[in-house]
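Residue numbering restarts at 1 for every chain, and letters A, B, ... go by the order of the sequence lines. Quick caveat, the model's predicted, so the values are computed rather than measured.
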Number of protein chains: 2
Amino acid sequence: MLSAALELFSEKGYHNVPMHEIAEKAEFAIGTLYKFFRNKEDLYRTLILENTDRFHEALTKALEETDDEVEKLRNYVRAKGEVFRANASVIRLYLAETQGAKFNVMVGFDADIRERYGKFLQSLALVFEAGIKKKRFKRIADPYHLSVSLVNLTNAFLFLWLEEPEHHPYPEDPDTVLNILFKGLLDQ
Amino acid sequence: MLSAALELFSEKGYHNVPMHEIAEKAEFAIGTLYKFFRNKEDLYRTLILENTDRFHEALTKALEETDDEVEKLRNYVRAKGEVFRANASVIRLYLAETQGAKFNVMVGFDADIRERYGKFLQSLALVFEAGIKKKRFKRIADPYHLSVSLVNLTNAFLFLWLEEPEHHPYPEDPDTVLNILFKGLLDQ
DNA sequence: CGTAAATGTGAACGACATGTCACTATATAG
DNA sequence: CTATATAGTGACATGTCGTTCACATTTACG
């Protein structure tokens, strides 16, 4: 059921997928859906929460695999690529939930999702902060801003890939993304 | 009518605003709306197109005010702040249209909007390319990637501001954003 | 087997949103 | 002042979608 819903939501968006279509794709009767989920929103919520948890777990693990801050970032960019390549249809929903247009589904932000996303931003910010303290990184901006920047940078690359997979592949080498942060555009 | 629709869409999202509510807010009867717009989607489209055109014009102008590439970028970041600060309620819709979740309104991408957005990305990429040729910039990434990066970086800051205006103001000094590109995180 | 619990069904229902249309009011022009 | 165009109205037809519920089918188990 969840995977049928996932594909449809990701393709057409929450409001353009009627329950009966999900039922049909999942090869169940409508009534059965309602045995498992209180309503459409509950189904969507479960779907999103299950997936974002899986992602954030994988991404958090990527930050913990080494002590070197540069490697942590490389692992993050690499892991994000792997996770999403394997779950292409989730990306749209994930981006929709963490980026802009949340009001499209629920009117208010979903507190749970926001909180988990916020926590991840914090733990990534800690990597930058530690790197700055250890003098591995220069303090070119506030660590939290750096965290938001890197997340959005990778999202941007994911988005390019989503739109034109063959023309804009998600980079194999994490440094393709990271050099934008690592190297300065200006000399000195 | 358009400004009534704008406020409502921006607050609740396209699918959560019935036409009669727009009519009420605009102090017209429903029938009158349909004298001016063929349908709801047409109303939305007109709204978005009018605004994105205004923005892209302002942002493109910002890139043309000087010959110095660094100043062009500063003007861009500054102009983006000004434009959106003056039109807060449009940002949500603009981000929703240019970032991720387009399928939330129309099932397919809106070709017009995508095209204009793509053109702007191109002209910003030209700034980076020119800067690299003139040796003002180091070639730390593909110019188009740099363009996408800067646009997404500023969007990220706008988004922070949207969520918590007093806690995360959009930076007065454009270099707060630009240093993330200008200065390298790593030494050398 | 028999029976009870769990799982599954889909026609029917009601709420509600879009878009229409016959009509009125107002403005413009000859 | 009449005629014609334009702007405005809002009750309602039409259709869709989320959700329910009385019933059927399968499974679990003593």
B:K134 NZ: over 12 foreign heavy atoms closer than 6.0 Å = yes
Is there a donor-acceptor pair closer than 3.5 Å between any side-chain N or O of A:K40 and the backbone N or O of A:V17?
-> yes
Among all residues two or more places apart in sequence or in another chain, which pass the side-chain hydrogen bond (donor to acceptor under 3.5 Å, both in side chains) test with A:H56?
-> A:Y94
May I ask you to check whether over 12 heavy atoms, not counting those of B:E64, lie within 6.0 Å of atom CD?
-> yes
Could you pull out all residues at least two apart from A:K133 that satisfy side chain to side chain contact (heavy atoms under 4.5 Å, CB included)?
-> A:E129
For B:K119, side-chain hydrogen bond (donor to acceptor under 3.5 Å, both in side chains) partners two or more places apart = B:E115
Check side-chain hydrogen bond (donor to acceptor under 3.5 Å, both in side chains) between A:D53 and all other residues, then give those that pass, not counting sequence neighbours.
-> A:R116
B:F36 near the nucleic acid: base, sugar-phosphate alone, or nothing, with a heavy-atom cut-off under 4.0 Å?
-> sugar-phosphate
Given protein heavy atoms under 4.0 Å, the one-letter contact record of nucleotides 19-27 of chain C, with B base, S sugar-phosphate only and - none, is simply BB-------
With a 4.0 Å cut-off, would you call B:E21 and B:K12 a salt bridge?
-> yes
Identify the pairs formed between an N or O of the protein and an N or O of nucleotides 25-28 of chain D at a distance under 3.5 Å, and give each distance.
none

Out of C:dG8, D:dG10, C:dG10, minimum distance to the side chain of B:A29 belongs to D:dG10
